[in-house]
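Whatever order the structure lists ligands and atoms in, that order sets their numbers, starting from 1.
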Amino acid sequence: MTAFVLSDARLLAASGAVAAPGAVAVADGSIAWAGPQADLPSDFARAERVSLEGRLLTPALIDCHTHLVHGGHRAREFALRLEGASYEQIAREGGGIVSTVRATRAASEDDLVAQALPRLDALLAEGVATVEIKSGYGLDVETELRMLRAARRLAALRPVGVTTTFLGAHAVPPEYSGRAEAYLDEVALPALRAAHAEGLVDAVDAFCEGIAFSPAQVARVFAEARALDLPVKLHAEQLSNLGGAALAARNGALSADHLEHLDAEGVAAMAAAGTVAVLLPGAFYALRETVVPPVAALRAAGVPMAVATDCNPGTSPMTSLLLAMNMACTFFRLTPAEALAGVTVHAARALGLSDRGAIAAGLRADLAAWDVGEPAELAYRIGFNPLHRRWVAGSPA
Ligand code: DI6
Ligand code: FE
């Protein structure tokens, strides 16, 4: 057994309380014990010690909603939006998602990996140890699979856990314009089956919106996911209210994401199903939205809230999960403690991962030590990275 003890930490317990001095014993990549240092079991008395000299120790962060793998960028569209064009207008005129689809189809798997790596490195530098990555910029069978293969390769190139999400129902590509059903039948659903057969899919997502797929079309994607025994999640209520979150909840979704236009019925359905609300303040900010997700209602109903970057080239070109935490507090009125839970324990749940997201015996030793005194400092600062060190499955990274 290779064991070591991280000692002299300010230890963020699962309850949100801070034990100081606290210690964590790590054995074979997992947390063997965590608690007040004075209570460290004698079995670990002779293990190697690494003093954290009073630093805050939290679970490593989890970015539970990204489109990290994609070709190109959309800086020109950014400029157009600043001149007054709306996101929906640009999408209807053949820009938006479709322009990233062109760049992604033109990219080889190596290109996609090379373009994604700097974005991944930016996340890891801030203490992230698990990243969810979606497909959805291929919109043809071959490119959807290529994106997912690139995502899997990233996990082999860096110390990070990657979960993949199939998002073939992200947009209707130009060659199927006005024929969303045919696109599902001929491309998205066959691509999902092929990707699943290759072991490339951990979950299935869709974009439920007027400019994307209707609830009835999303239901078809969910039915296919269920047939393959894959969990589902949904981009819901981002730009309008189509009842997507309730549909997701009825399908036992892990999460419903965005939720700016979520209504009381959607909140109740999510609470009843235990579906996590993934808040994406980067997209809210970049689109200069004014309607905020109903955070008070979600909180009152006991819906777990996660926070993620939504890193994507169109609506959230953001690679800082700490900034997403800050924005979730400032724009959406999360407390700093809720923001931290949103990128740890609730983010793990949004991915269906029960082996990480907290500091507790038996979980993966994915840990982050910070040069801060109290947890609230992580969400409070803007554009400052206080990470001291990260451990992924017990290895310093
Ligand atoms: N909602 C979003 O904010 C992104 N995808 C989605 O379903 C936007 C993707 C893009 O504009 O490229
Ligand atoms: Fe997204």
Side-chain angles (χ1 to χ4, degrees), residues 63-78 80-81 85-105 115-116 119 131-139 143 147 151 163-173 180 188 203-214 217-218 221 232-240 242 244-245 248 253-261 276-289 291 293 306-319 321 324 327 347 350-351:
D63 194 349
C64 68
H65 179 142
T66 87
H67 309 250
L68 200 77
V69 169
H70 59 259
H73 65 80
R74 306 235 290 276
R76 211 171 308 123
E77 181 182 316
F78 173 59
L80 285 176
R81 281 211 313 274
S86 76
Y87 177 68
E88 280 147 308
Q89 234 171 332
I90 290 169
R92 290 191 196 284
E93 285 161 18
I97 292 179
V98 166
S99 78
T100 299
V101 170
R102 277 192 297 273
T104 304
R105 286 178 179 174
Q115 290 185 46
R119 295 189 279 268
V131 180
E132 183 257 18
I133 301 178
K134 301 176 195 294
S135 71
Y137 287 117
L139 309 185
T143 314
M147 289 183 74
T163 74
T164 53
T165 301
F166 178 81
L167 181 56
H170 191 197
V172 179
V204 177
D205 193 354
F207 187 16
C208 187
E209 193 60 66
I211 56 170
F213 295 89
S214 69
Q217 290 159 351
V218 169
V221 177
V232 299
K233 40 182 56 234
L234 191 65
H235 285 69
E237 271 77 86
Q238 180 185 8
L239 308 170
S240 63
L242 299 184
L254 291 172
S255 70
D257 303 37
H258 285 289
L259 304 177
E260 277 79 350
H261 295 267
V276 177
V278 177
L279 306 179
L280 304 168
F284 171 89
Y285 165 82
L287 294 175
R288 304 174 67 120
E289 296 286 351
V291 178
V307 174
T309 62
D310 196 14
C311 173
N312 79 69
T315 61
S316 191
M318 174 160 80
T319 48
L321 194 53
M327 288 179 171
L351 297 178

| field | Under 4.0 Å to a heavy atom of Tyr87 - the qualifying atoms of ligand 1, by number | value | 8 (C), 9 (C), 10 (C), 11 (O)
| For ligand 1, is any non-hydrogen atom under 4.0 Å from Asp310's backbone (N, CA, C, O), its side chain (CB onward), both, or neither? | side chain
| task | Measure up the Phe207 and His170 rings against each other and bin them: parallel (under 30°), tilted (30 to 60°), perpendicular (over 60°). | result | tilted
| message | Testing the basics here: between Ala116 and Val69, what is the closest heavy-atom pair and its distance to 0.1 Å? | response | CB-CG2, 4.1 Å
| request: Would you check whether Thr100 has a nitrogen or oxygen atom less than 3.5 angstrom from a nitrogen or oxygen atom of ligand 1? | output: no
| message | Please enumerate all residues that pass salt bridge (Lys or Arg N to Asp or Glu O under 4.0 Å) together with Glu289, with sequence neighbours excluded. | response | none
| Would you say Arg81's side chain and Ser86's backbone share a donor-acceptor pair under 3.5 angstrom? | no
| What orientation do His65 and His258 show, parallel under 30°, tilted 30 to 60°, or perpendicular over 60°? | perpendicular
| message | Taking 4.0 Å as the limit for heavy-atom contacts, which would you say applies to His258 with ligand 1: side chain only, backbone only, both, or neither? | response | side chain
| task | Return yes if a side-chain donor-acceptor contact under 3.5 Å exists between Ser255 and Lys233, otherwise no. | result | yes
| task | Could you name each residue pair satisfying salt bridge (charged side-chain N to carboxylate O under 4.0 Å, His left out) that touches residues 308-318, not counting sequence neighbours? | result | none
| Any donor-acceptor pair under 3.5 Å linking the side chain of Glu77 with the backbone of Gly96? | yes
| message | Rounded to the nearest 0.5 Å, what separates atom CE in Met147 from atom CG in Leu139? | response | 8.5 Å
| task | Please write down residue, atom name and distance for the protein heavy atom closest to atom 3 (O) of ligand 1. | result | Thr315 OG1, 2.6 Å
| field | Residue-ligand contact Arg74/ligand 1, heavy atom below 4.0 Å | value | yes
| task | Provide the tally of protein N/O/S atoms nearer than 2.8 Å to the Fe ion (ligand 2). | result | 4
| note | Residue set satisfying salt bridge (Lys or Arg N to Asp or Glu O under 4.0 Å) with Asp257, at least two apart, ordered chain then number -> none
| request: State the atoms of ligand 1, each with its element, that fall below the 4.0 Å cut-off from a heavy-atom position in Tyr137. | output: 9 (C), 10 (C), 12 (O)
| In terms of residue, atom name and distance, what is the protein heavy atom nearest to atom 1 (N) of ligand 1? | Gln238 OE1, 2.9 Å
| note | Between Ser135 and Leu167, the two heavy atoms sitting closest are OG-N, 2.9 Å
| request: For atom 5 (N) of ligand 1, find the nearest protein heavy atom and state the residue, atom name and distance (0.1 Å precision). | output: His170 NE2, 2.8 Å
| request: Just jot down the ligand 1 atoms closer than 4.0 angstrom to any heavy atom of His235, in number order. | output: 1 (N), 6 (C), 7 (O)
